[in-house]
Amino acid sequence: MCRNPRSLFEDKFLMYADIRVRFAPSNTGHLHIGGARTALFNWFFAKHHAGTAILRIEDTDRQRSTEEYYDAILAAFDWLGLEWDEGPYRQSRRMDLYKEAADKLLSSGAAYRCTCTPDEVNAMRERARAEGKTPKYDGTCRDRYDKDPNVPFCLRLRAPDVGKAIVDDILTGEVVFENSQLDDMVIVRTDGTPTYNFCVAIDDIDMKITHVIRGNDHLSNTPKQLLVYQALEETSPKFAHISMILGSDKKRLSKRHGADSILDYKERGFLPEALINYLVRLGWSHGDQEIFSKEEIVENFALENLNKSAAVFNPEKLLWLNQEYIKSADGDFLVESLDAGLRAQGLSPDVLTHKSREGIVDELRTRSSTLTEMIDGARFFFENEVDFDEKAASKFLTSENSGLMLKLRNELSKIDMFSSENVKSAFHRVMEEEAVKLGKLAQPVRVAITGGTISPGIFETLSLLGKDRSLHRLDAALARVNQ
RNA sequence: GGCCCCUUCGUCUAGCGGUCAGGACACCGGCCUCUCACGCCGGUAACAGGGGUUCGAGUCCCCUAGGGGUCACCA
């Protein structure tokens, strides 16, 4: 098919003009990995097209919705650094809108009052199932005009018995559903509250949503919502049903697979930029590029590049990405994180200068895949007494090594400027005198200074710890040997 | 079970009829080295299966299998 460039341009212009998308979680739980990814896709799609990103909280389930989760969801977005252009809207505050729409549908005849009890409806479904038919409401109340107004009723939307409902999905293409499979869905419950599939459609119409980007699990809901659009004579938005995230067992991601809440990742020392990068790359790609700044994602994001198949959540790769971000993170940010982490553990960052702490995070950034790891790795600098790893201590803090250590201690004590260069020179003087290799000297010293066998380079470590604290620790270790 | 969606290395993916099927994580070697990391170099590893269409198929069509989703007066 040959089209001229102009019409192509107009097409595209029409499609992407005044883009409005929404992310619509319910506040019945924390913002989790899957939800966050959906939110991200919506947000980046909007930003890429200079459109509007809307946050809407679906809190029509009065039983399960809580204010705590509402706050937690906002806090999660706050941490991620995602700002919404509109909202948060709350469905619980928009009841008049749904009522109005329901009345309209009732008076147009698209909806009807149903006085069947839930038990009766269940019985219908059982019967249909037993007969091998699609379990659904049988339409008993569709044409019952002699209703007793005192009998409680709910509102149902009349679904066509024949024909097809076609969902035109940006990712999947046309998905065809037989109308005969569709139920006369309840749009207003007996207690007068509107239902999910109804509110969603009404809100999307009211908010002039142009693109609905949501999880694949909503694909089968879509024909139901389409019915609401039809009944109201509204045009439907475009849909993009994105793949889901699976756990390593290929099952739906859940609490079993580790931290589920976004805020948990904050607690575990992840950087929001890394999480965003990882989540967006899960199902989306741009050539071979792995690391994207937010700006780069905005620039390159396109729904067309989304993968249709489900993706398995891979914690190792997230860890790797997080370390990449830590490696290139701003030094002041890392020092602040370190300080906060130390204080949380009852340690005082101020025993070392800000400059020293800068040096410490620089040494640790290539050794930490999370901020938590970085803080753990820095602990020994700030503790007053070295916490010895017994195995390391008994191997290296021996009388055999004490002579070497004492010699080094004395060399170190002569240094004025306790720079890593000068510390290195001291080491070399001892090594030459005693004719030993660096490894022979460095490991005992490392254990004496850090309590264990793992740390940044020994010269840097000593220099960063400072002369007084270093000599003190060496003395303490020597005392321990001589015990 | 009905309906719907999906299927390239273990994992995330590139690929948009002609590629030695590329990259990344993980893994395994090597180099660097005071430990641990970082870094650098190299390696193992995939088109679910079967039919078509085509000169030619990972790419298009059909079937099978497997995985997932959904079938509420929950969202």
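If you're wondering where the values come from, they're calculated on a predicted model, not measured in any experiment. Throughout, protein chains are lettered first and strands after them, A, B, ... in sequence-line order, and every chain is numbered starting at 1.
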Just checking [X]: base, sugar-phosphate only, or nothing, at a heavy-atom cut-off of under 4.0 Å?
{"X": "A:D59", "value": "nothing"}
{"X": "A:V200", "value": "nothing"}
{"X": "A:S455", "value": "base"}
{"X": "A:T453", "value": "base"}
{"X": "A:K327", "value": "sugar-phosphate"}
{"X": "A:G283", "value": "sugar-phosphate"}

Does the side chain of [X] get closer than 4.0 angstrom to OP1 or OP2 of [N] through an N or O atom?
{"X": "A:K308", "N": "B:C6", "result": "yes"}
{"X": "A:N305", "N": "B:C16", "result": "no"}
{"X": "A:K224", "N": "B:U70", "result": "no"}
{"X": "A:R156", "N": "B:C73", "result": "yes"}
{"X": "A:S285", "N": "B:A14", "result": "yes"}

### Query
Considering heavy-atom distances to RNA chain B, does A:D61 or A:G457 have its closest nucleotide positioned more toward the 5' end?
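Final value for this comparison: A:G457.
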
### Query
How do A:E290 and A:A442 order along RNA chain B: which one's closest nucleotide is nearer the 5' end?
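Upstream on the strand: A:E290.
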
Across all strands shown, which nucleotide pairs with [N] by Watson-Crick or G-U wobble geometry, both distances under 3.5 Å?
{"N": "B:C3", "value": "B:G69"}
{"N": "B:C27", "value": "B:G43"}
{"N": "B:A14", "value": "none"}

### Task
Examine the side chains of A:D138 and A:T140 and answer whether a donor and an acceptor come within less than 3.5 Å of each other.
yes

#### Entry: Short side-chain donor-acceptor distance under 3.5 Å, A:N322 and A:S369
no

#### Entry: Nearest non-hydrogen partners of A:K136 and A:S180, listed with the distance
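That would be NZ-O, 2.8 Å.
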
Protein-nucleotide distance ([X], atom [atom1]; [N], atom [atom2]), rounded to Å:
{"X": "A:F292", "N": "B:C12", "atom1": "CZ", "atom2": "C1'", "value": "12 Å"}
{"X": "A:F313", "N": "B:U13", "atom1": "CZ", "atom2": "P", "value": "13 Å"}
{"X": "A:L246", "N": "B:G67", "atom1": "CG", "atom2": "C1'", "value": "8 Å"}
{"X": "A:E324", "N": "B:C12", "atom1": "CD", "atom2": "P", "value": "20 Å"}
{"X": "A:D288", "N": "B:U19", "atom1": "CG", "atom2": "P", "value": "19 Å"}

### Query
Step by step, would you call A:Y196 with A:D61 a side-chain hydrogen bond (donor to acceptor under 3.5 Å, both in side chains)?
CA-CA 9 Å; A:Y196 167 77; A:D61 185 341; over 6 Å; no

### Task
Could you tell me whether the side chain of A:R113 reaches within less than 4.5 Å of the side chain of A:C141, counting heavy atoms only?
no

